[in-house]
Amino acid sequence: GATVQGAFHESLNLAALWCLPCIYVIENNRWGMGTAVHRAVAVDPIAPHFAQSYGISSYLLDGMDFVACYEGFQKALKEVLTTSRPVLMEFQTERFKGHSISDPGLYRNKESLQQCMQKDPILLLKQRLFDKGWLTDELFREIDSEQKQKVLKAMEFAEASPFPDPSTLEEGVLAPDER
């Protein structure tokens with residue numbers, strides 16, 4: 001939904017004018033909160049049309065395909081580092097739930113939701129790894145167990161840790177508020 005806001009266009013314009021080496025990413029899950037993108041944006045796909053307006057390159061990728069996204073980011077990064085110009089990337093994807101915890105997503109029917117969940121990028125990548133012979137059931141269970149343990153340890157550490165001192169909240173921030 002942010003691509004229809006003026007600040008988005010202002011930043012694209014300045015990035016193009018000033019030759020800023022940055023990558024803009026549009027995660028197009030076809031919804032802006034509860035509004036279908038085709039009801040809010042006049043062009044489809046978004047990135048190629050918008051990028052042309054600002055004289056910059058664009059990439060249109062299947063956001064449900066991990067490999068395509070990885071390769072697309074590699075190509076865009078190489079271009080940005082080579083040209084010192086911005087690029088605009090659009091990843092066409094799906095969301096499986098509403099916009100927020102208070103959004104039950106009643107504007108979608110269950111059939112279309114079930115259909116898009118068949119393209120879950122995690123499940124598709126898992127299947128691709130199995131198909132290539134790079135992953136087995138045993139290895140998957142091992143990795144899954146290791147990662148669950150890491151998450152549980154991190155949660156335990158976080159819950160046992162004291163709250164940080166508020167005076168340190170801006171440490172490590174790229175542009176802290178200088179008072």
Side-chain angles (χ1 to χ4, degrees), residues 1-12 15 22-47 49-50 58-70 72-73 76 87-130 135 140-177:
T3 62
V4 296
Q5 297 178 8
F8 175 76
H9 293 276
E10 291 168 7
S11 68
L12 278 178
C22 55
I23 297 174
Y24 286 82
V25 175
I26 300 169
E27 176 193 345
N28 182 357
N29 62 25
R30 295 169 177 74
W31 295 94
M33 297 183 77
T35 303
V37 169
H38 72 270
R39 297 185 62 181
V41 182
V43 294
D44 181 33
I46 299 169
H49 289 93
F50 285 10
S58 67
Y59 293 80
L60 179 63
L61 297 158
D62 178 357
M64 304 300 271
D65 182 341
F66 172 82
V67 175
C69 293
Y70 183 83
F73 265 113
V87 299
L88 180 60
M89 302 182 78
E90 178 179 350
F91 295 85
Q92 294 185 332
T93 187
E94 296 282 351
R95 71 177 188 210
F96 301 152
K97 297 185 179 200
H99 175 75
S100 66
I101 197 166
S102 62
D103 176 8
L106 299 176
Y107 39 85
R108 297 173 77 179
N109 65 49
K110 290 181 182 180
E111 293 78 29
S112 70
L113 181 58
Q114 288 174 340
Q115 191 175 9
C116 80
M117 290 180 82
Q118 298 301 312
K119 299 183 287 184
D120 183 324
I122 295 171
L123 299 178
L124 293 176
L125 177 60
K126 179 183 172 187
Q127 188 58 52
R128 181 180 272 175
L129 295 174
F130 273 108
L135 187 63
F140 176 77
R141 283 191 299 275
E142 183 181 315
I143 292 170
D144 189 51
S145 177
E146 287 175 9
Q147 297 309 309
K148 284 179 182 173
Q149 290 306 313
K150 282 183 183 180
V151 170
L152 290 173
K153 275 185 166 179
M155 288 171 54
E156 289 170 7
F157 175 79
E159 289 178 5
S161 297
F163 281 98
D165 182 337
S167 67
T168 65
L169 289 177
E170 292 183 352
E171 288 179 6
V173 176
L174 179 61
D177 182 20

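Values below: all heavy atoms of this structure, side chains included; hydrogens, waters and symmetry mates excluded.
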Side chain to side chain contact (heavy atoms under 4.5 Å, CB included) involving T35 - partner list, sequence neighbours excluded: R39, A40

Atom pair OG1/CG of T93 and D62 - distance to nearest 0.5 Å: 8.0 Å

Candidate pair C116 and R30, rule side chain to side chain contact (heavy atoms under 4.5 Å, CB included), full reasoning: CA-CA 12 Å; C116 80; R30 295 169 177 74; over 6 Å; no

N29: side-chain hydrogen bond (donor to acceptor under 3.5 Å, both in side chains) partners, not counting sequence neighbours: none

Those residues that, when tested against V41, pass side chain to side chain contact (heavy atoms under 4.5 Å, CB included) (two or more places apart): T3, V4, V37, V43, I46, F50

L152 CG: over 12 foreign heavy atoms closer than 6.0 Å: yes

Residues which pass side-chain hydrogen bond (donor to acceptor under 3.5 Å, both in side chains) with K153, listed by chain and number, not counting sequence neighbours: none

Side chain to side chain contact (heavy atoms under 4.5 Å, CB included) assessment of K150 paired with Q147: CA-CA 5 Å; K150 282 183 183 180; Q147 297 309 309; 3.7 Å; yes

Short side-chain to backbone donor-acceptor contact, Y24 and A15, under 3.5 Å: no

S145 (side chain) donor-acceptor with R141 (main chain) under 3.5 angstrom: no

NE2-CG distance between H38 and D44, expressed to the nearest 0.5 angstrom: 10.0 Å

Closest contact, heavy atoms only, G63 versus C69: CA-SG, 3.7 Å

With sequence neighbours excluded, residues passing side chain to side chain contact (heavy atoms under 4.5 Å, CB included) with M117: F96, L113

Under the side chain to side chain contact (heavy atoms under 4.5 Å, CB included) test, residues paired with L135 that sit two or more places apart: K126, L129, F130, L139, F140, I143

Contact check, side chains of L61 and M89, non-hydrogen atoms, under 4.5 Å: yes

E90 versus N28, closest heavy-atom pair with distance: OE2-ND2, 2.8 Å

Partner residues of F91 under the ring-ring contact (aromatic ring centres under 6.0 Å, His included) criterion, sequence neighbours left out: F73

Distance-minimising heavy-atom pair for I122 and D120: N-OD1, 2.8 Å

Test log, rule side chain to side chain contact (heavy atoms under 4.5 Å, CB included), inputs L88 and I26: CA-CA 8 Å; L88 180 60; I26 300 169; 3.8 Å; yes

Chi angles and distances behind the side chain to side chain contact (heavy atoms under 4.5 Å, CB included) call for W31, R108: CA-CA 10 Å; W31 295 94; R108 297 173 77 179; 3.5 Å; yes

Salt bridge (Lys or Arg N to Asp or Glu O under 4.0 Å) against D144, all qualifying residues, sequence neighbours excluded: K148

Qualifying residues under side-chain hydrogen bond (donor to acceptor under 3.5 Å, both in side chains), relative to T168, sequence neighbours excluded: none

Residues in side-chain hydrogen bond (donor to acceptor under 3.5 Å, both in side chains) contact with R95, at least two apart in sequence or another chain: Y107

Exceeds 12 heavy-atom contacts within 6.0 angstrom, atom CD of Q115: no

